[in-house]
Structures are given as structure tokens and as C-alpha cells.
Amino acid sequence: MSEKEKNNANQQDMNHILKARYDKLKELQDAQADPFVITKARQTRHSAEVKEHFSDLENQQVVIAGRVMAKRVMGKAGFLHVQDRDGKIQVYVSRESLGEEEYKAYKKLDIGDIVEVSGFVFKTQTGEISIHGEKIILLSKSLYPLPEKFHGLQDTDTRYRQRYVDLIMNEDSRTVFMKRSEILREIRNFLAGRDFMEVETPMLVENAGGAAARPFETHYNALNEDVKLRISLELYLKRLIIGGMERVYEIGRVFRNEGIDTRHNPEFTLMELYQAYTDYDGMMELTESMFRYLAEKVCGTLHISYQGTPIDLESPFRRLTMTEAIREYAGIDFDKVTSLEEARALAKEKEIAFEERHGIGDIENLFFEEFCEEKLIQPTFIMDHPLSISPLTKKKPSDPTKVERFELFIYGREMANAYSELNDPIDQRERFKAQDALADAGDEEANHTDEDFLHAMEIGMPPTGGIGYGIDRLVMLLTDSASIRDVLLFPTMKPLDKKDEGNRASKGNGNGICDQVATVPEKIDFSNVKIEPLFEEQVDFETFSKSDFRAVKVKDCFAVPKSKKLLQFTLDDGTGTDRTILSGIHDFYEPEELIGKTLIAITNLPPRAMMGVESCGMLLSAINQKKDSDEEELHLLMVDDHIPAGAKLY
């Protein structure tokens, strides 16, 4: 059977299923038993309660409510598996206990229907805690079938776009989001124990400051003013410190107009706190204590595992200055770099890309990002950053080229960022002026002078310690989640192609039944394809046959920092060892849309350093130059996912 015939057959099967479910609903409505008129259930227990307190509830009457996930009919008796917030529980039903008519109604239930079950708690002969059903009420009819039960919802793109189905089908997903809620609750409990006050500050702001990020912009119609969405919580929380609220924090959404990958989402949850009369040493103690507290409460241990790597949260967190870290991992001592020319020469020698506007401190930070970050697996505080990359931080009295700042790294990722906050309004104005100059030079992430904030500082700000945590990365760590999209209920996704949306959309057939139209492949104009120069001239067969073309699976993909074009791929090439390939295709693809795809790569090319990363191979693409235009389209070669990683092309 051809692929087209399979699609048509699947579509016909789906239409039959949909028609049968709509017919059942019509039958119920004609019998004055429309489930959609019911407004509430009499739920008295959840599944976990029944199981945990069986000894107290045995033979007692309970009422549960949930979704039918499995059904077996065996003549005059049968079983249901009903899933609620806490999990599944078995329900035994019989014609004798339900009655003739209600048993017929039970047999017509579909997987996905939402029901109320009344009955008594008992244990079956096999020892399974169950409910002996005495009455079943259909509360809501499921008109569209759930994914096939044995495989569930596995496609990651569909899981993120249809989170409601993911939560129904995947217990692991439900657990992650229950833990996320628990983490937020315990953060609040921890901070309440230290006398912090939770506050709320504006999201729409005139001047989006407090971080190095490009903001989203929008328009306030009532005021006829352009405004921005906040990129941090810092500047308003500091105003509250100035106002005398000595310990404040906020947990809220911030918005940064940046790329999407497994560790970044344009809108994410940030927790920032500020404490008067302390410094970054005080923030280190607070951070270490909070991470231990959360691990103990949420994971039950201080020795956790993240992606197979043991993480020790019990031992004292390591402390290194940024200069010490670079000296240890790159063998370069920036304390001995005295001129910009020397810093640039070192960067060129080590193939570190920098921009004309970058000073010594910026280049030092680039070295840290390149050589150190991924090595910091166990909890490590990186302290004393260059002044030029920390515009809101107090200088170190012993070295005015450095600031009292730290970042916490775990598993090679920044988990927190903290300062001894700058409280000198004169110094702050000078640093804002320097940021304005960077903005004028084209730095879209530079801060801008905030006159109201400067005025607040002139009123007088006490010595203060401040810190920011990315909640999503914290949840990733404590739930062992590989991608930020796994811990966001509704992550930002690239919109489906309009053609795909039209093809996927349910269309009415006039009888109130949804016909799922098979997706029509997008037509791409290959009439003017330009072959990549590698193969433009004739190559003898022996040379060509030495190229090792392999199918590779995309495990991870993200935009290379400081590069506008490069994407970095982590690939499964069938060898058991991850392969890294960089490709300059960011103009054509966002990283998140490529994760999980099967691509074709040449895998026996010599490694090539790109932005300081060894690229081991080449991904194949077709370039289509548009007719009557200089514009090119690039189409990454993707193949059917059933082709295994490492399969060789002949």
C-alpha cells in the first residue's frame, strides 16, 4: 500500500470514529441525557487518597471523578481505569450492581469520556485497590479520540503544542508541573522564613533595564505612547529598597526578544530579591541555603542526578573568581593583560570572535564563556566580574576594574546572578552614559539612562545585596528535564505554516462532524536549484565514494552565542557518542523546529573550528535561488524518521 493510500485509509478510519462519537452524543441528547448540561460533580475523594488511606476507607462509600483511560467489558461485568489529578484507579462494574440500563450506558462509554463514579472501596482478588461502582454518570463526552494508549503522545512538537493531551497521556509531564508548583511554593516558604515580602511591579515600562537583552516593544493606545515589556525586575525592586522595604522579592514573567532553544524561551519566569544592609557574600549564603532547602523538600535528597550526571548540593559550593577560572581552564591570566591590543591578540590566537566595541572586560567574559562554562558541572560561584559587563554593580574596593558580582553555575549553566548593588547615583549616571554610548554604537542589548531611577538613588539607597534566579532552569535541574519546553506548560513555538494549519484544521462536513483533512505536503519550487560549490565541478567517482553520508538525529540545537547565523547541533550518528556540527542556517530555521528531526550529514570530514567550537562534519542542504531575484532559499535535507541514526547512504 502506498503512503497516499495509507493516509486515505487512516483518514477514513478517523472519520468513522468521529461519526460514531457524534452519533452517541446525539443519542444521549435525544434521550434527554445530554452530559454537557451537567454543571458539577459530587467528587469526595481523589485516586491517591483512596489508595493511601485504604485501611480507613475499605468498604466505605466514595465518589471519584475523572477521565476514562481504559475499559474492558466481560459479559455481565467489566472494568474501567479512571484518571484524575493524582493518577489512575480501577473501577469494577457489573450489570447486577449498576442495573440493566446503566450497564448498557457503561458499555457505550468511550476512552476519553469524563465520568463520576460512586461506589465502595475494596481490594480485588489480585490485590488491586479498586472501587466497586454502583453508579456512573457521564459528565462530558470526548468527541475526539486520545492517542493510542500503548505509545501515548510521543512527538515532542505535538506535546508542546497540545499540552492538554500531553498532560492526559504522559504521567511524567504531569509530575514535572506538579513539582514546578511545589518548587514555587517552597521558594515562597523559604523567603517568608527570612522575612522577605513578596511584591508586584510593572510589566509595561518606558525604559526596559536591569539586564543585557533586547526588549519587545508595543504601543499603549490610551496614552499614545510606545512602551516595552520588562526584561528584568531589578529597577523597580530597588526603588522599594530605597522606600524602606528592606527585604523584597518578586516572582514574575519577563520578556526578552531573543532566540528559542532548549535553554531559552522569549518569556520566562524570574525571581529577583533584594536585601538591604548586606552584600554579595550574603547573597551567596542565601543562594546555597535555598538550593539545599529546595532539593531537600522537592527531591528528598541533596545528591541529585541531572541527565545522568550526579550533582552534589551537600558539599560547600566552590568559589572561583572569573580570572581564576580562565587561568585554570584556558591557561591565560587576564590580571596580566594590560591593554586592549593584547586582549584582542589573545582572542585572535584562540579564535574567539569579538566585536570592535568590545573592551578588555568583554573579551575576558568571552574567554570565560568559551573555555569555562561547560566545565562547571558541580555547583560553583564565579565571582568578581569585569566592571564593563556589570553596569548596576558595586566596584570591589580592592580592585576598581572588577565588581562584587557572582554567577552560580551548575551542569555548565548559569543558575543565578547576584550583586553587591551599586548605590552611588553619580557612579550610576556615568555607567548609564557608557551604556547609552554602546546603544548608539549598535548594541541592542545595552541599558539606557533611567532618570527616575537615578532620582530615586539620589534620595538615598542603603548598601544592598540582590540576586536573580531563572525559575525555569531551576525547575529543569530539580525535575531532571532536558529542555526548557518540558517545564513550561505553554512554551513559545514557531507558528505552523499557514498551509499546514489549513490542512490540519478540523472542517465541518455539515453534520456537525469534524473531518480531519490529510496534510498536503508543501510544494517547493526546485526549478532553479543551485548546487553547493563543493559539487559544482566534476568529481571522480572514487573521490566521491569516500564521502561518508549518514543519517543523523538532532538531539539538541541552539543558536551559537555572538553569532547571527550559526546553529550548533548535537547529533546522534549511531556511534553512541554525540557529534557536534555547526551550520550557518539560522536565517532559515529556528533551533526548536529542528530538534527531533532526521538529517543527512557527511561524517568523515576533518574537524573545523568555528567560533571556537570543533564542527565535525557537514549537514546537507539544497539552495534554491529565486527567479528574477538575488534572494536564496535554503532547504535542509530531512528524511523519514524511521531511518535509524547512522544509516549509510549509497
Qualifying residues under salt bridge (charged side-chain N to carboxylate O under 4.0 Å, His left out), relative to K546, sequence neighbours excluded:
none
CZ of F409 to OG1 of T380, rounded to nearest 0.5 Å, is 9.5 Å
Taking the side chain from E258 and the backbone from H264, do they hold a donor-acceptor pair closer than 3.5 Å?
no
Looking only at non-hydrogen atoms, find the nearest pair between I231 and A211 and report the distance.
CD1-O, 3.4 Å
Taking C-beta and beyond as the side chain, do R185 and R180 meet within less than 4.5 Å on heavy atoms?
no
Show which side-chain atoms of residues 367-376 pair as donor or acceptor with protein atoms under 3.5 Å away, not counting sequence neighbours.
residue: E369; atom: OE2; partner: N365; partner atom: ND2; Å: 3.3
residue: K375; atom: NZ; partner: F371; partner atom: O; Å: 3.1

Quick one, F177 with L489, criterion side-chain contact (heavy atoms from CB on, under 4.5 Å). Give me CA distance, side-chain angles, the key distance, then yes/no.
CA-CA 8 Å; F177 291 108; L489 279 167; 3.6 Å; yes
When rounded to the nearest 0.5 angstrom, what is the spacing between CE in M271 and CG in L233?
9.5 Å
Is the shortest heavy-atom distance from the side chain of M638 to the side chain of L594 under 4.5 Å?
yes
side-chain contact (heavy atoms from CB on, under 4.5 Å) involving L605 - partner list, sequence neighbours excluded:
I602, M618
H385 and E364: side-chain donor and acceptor closer than 3.5 Å?
no
Any chance you could lay out the side-chain contact (heavy atoms from CB on, under 4.5 Å) test for L571 and D578, step after step, and finish with the verdict?
CA-CA 6 Å; L571 302 164; D578 289 347; over 6 Å; no
Does the T603 side chain pair with the main chain of D548, one donor and one acceptor, at a distance under 3.5 Å?
yes
Main chain of I581, side chain of S615: is a donor-acceptor contact present, judged purely on distance under 3.5 Å?
no
Side-chain (H16) to main-chain (D13) donor-acceptor, under 3.5 angstrom:
no
Testing the basics here: between A482 and M476, what is the closest heavy-atom pair and its distance to 0.1 Å?
O-CE, 3.6 Å
Minimal heavy-atom distance between L313 and P379, with the atoms involved, is CD2-CG, 3.7 Å
Can you confirm whether I471 sits close enough to F268 that some side-chain heavy atom of one is under 4.5 Å from a side-chain heavy atom of the other?
no
Would the distance check show the side chain of R159 and the main-chain N or O of D166 forming a donor-acceptor pair, the cut-off being under 3.5 Å?
no
Checking side-chain contact (heavy atoms from CB on, under 4.5 Å) for the pair L478/Y306: CA distance, chi angles, key distance, verdict?
CA-CA 8 Å; L478 295 180; Y306 184 73; over 6 Å; no
Working to the nearest 0.5 angstrom, can you tell me the gap between L637 CG and L619 CG?
9.5 Å
Is it the case that more than 12 heavy atoms not belonging to E328 sit under 6.0 Å from its CD atom?
yes
Could you tell me if the side chain of L184 sits less than 4.5 Å from the side chain of V475, heavy atoms only?
no
Among T570, D573, T598, D572, the one residue meeting side-chain hydrogen bond (donor to acceptor under 3.5 Å, both in side chains) with K553:
T598
Is D486 close to V176 at the side-chain level, that is, under 4.5 Å between some pair of heavy atoms?
no
Mark yes or no for whether D362, through its side chain, and G359, through its backbone, hold a donor-acceptor pair below 3.5 Å.
yes
Looking only at atom types and distance, does a side-chain atom of E267 sit under 3.5 Å from a main-chain N or O of R256, one as donor and one as acceptor?
no
Say whether, by atom type as modelled, one donor and one acceptor occur between the side chain of R550 and the main chain of A647 under 3.5 angstrom.
no
Which residues pass the side-chain contact (heavy atoms from CB on, under 4.5 Å) test with P491, not counting sequence neighbours?
Y160, R163, N265, R485, L488, M493
Pair R344 + E356: basic N to acidic O under 4.0 Å:
yes
Test D226 against H219 for side-chain hydrogen bond (donor to acceptor under 3.5 Å, both in side chains), laying out the working first.
CA-CA 4 Å; D226 290 332; H219 186 75; 2.8 Å; yes
Between K179 and E186, is there a side-chain N and carboxylate O pair less than 4.0 Å apart?
no
M178 side, atom CE; L167 side, atom CG - distance, nearest 0.5 Å
11.0 Å
Hey, is the main chain of I389 close enough, under 3.5 Å, to the side chain of R405 for a donor-acceptor pair?
yes
Tell me every residue that passes side-chain contact (heavy atoms from CB on, under 4.5 Å) with H586, counting only those two or more places apart in sequence or in another chain.
A559, L567, E590, P591
Residues D172 and R174 bridged, charged N to O under 4.0 Å:
no
Take Y144 and I17 through the test side-chain contact (heavy atoms from CB on, under 4.5 Å) and record every step on the way to the result.
CA-CA 8 Å; Y144 196 91; I17 292 170; over 6 Å; no
For E272, enumerate each residue passing the salt bridge (charged side-chain N to carboxylate O under 4.0 Å, His left out) test, keeping only those at least two apart in sequence or located in another chain.
none
Test your reading of the model: is there a side-chain donor-acceptor pair from R230 to the backbone of R253, 3.5 Å cut-off?
yes
Does R357 CZ have over 12 foreign heavy atoms under 6.0 Å away?
yes
Compare every heavy atom of S481 with every heavy atom of Q307, then report the nearest pair and how far apart it is.
NE2-C, 3.9 Å
Using side-chain heavy atoms (C-beta onward) and a distance below 4.5 Å, is M169 in contact with Y164?
no
Within this structure, what is the CD-CD1 distance for the pair Q378 and I311, rounded to the nearest 0.5 Å?
4.5 Å
Using side-chain heavy atoms (C-beta onward) and a distance below 4.5 Å, is N417 in contact with F406?
no
For the aromatic rings, using the six-membered ring if either is Trp, is the centroid distance between F255 and F216 under 6.0 Å?
no
L143 side chain reached by L18 side chain, heavy atoms, under 4.5 Å:
no
Show the nearest heavy-atom pair for residues P386 and M322, with the distance to one decimal.
CD-SD, 3.7 Å
Using every non-hydrogen atom in the two residues, find where I363 and A343 come nearest and quote the distance to one decimal.
CG2-O, 3.8 Å
Separation of L477 CG from R473 CZ (nearest 0.5 Å)
11.5 Å
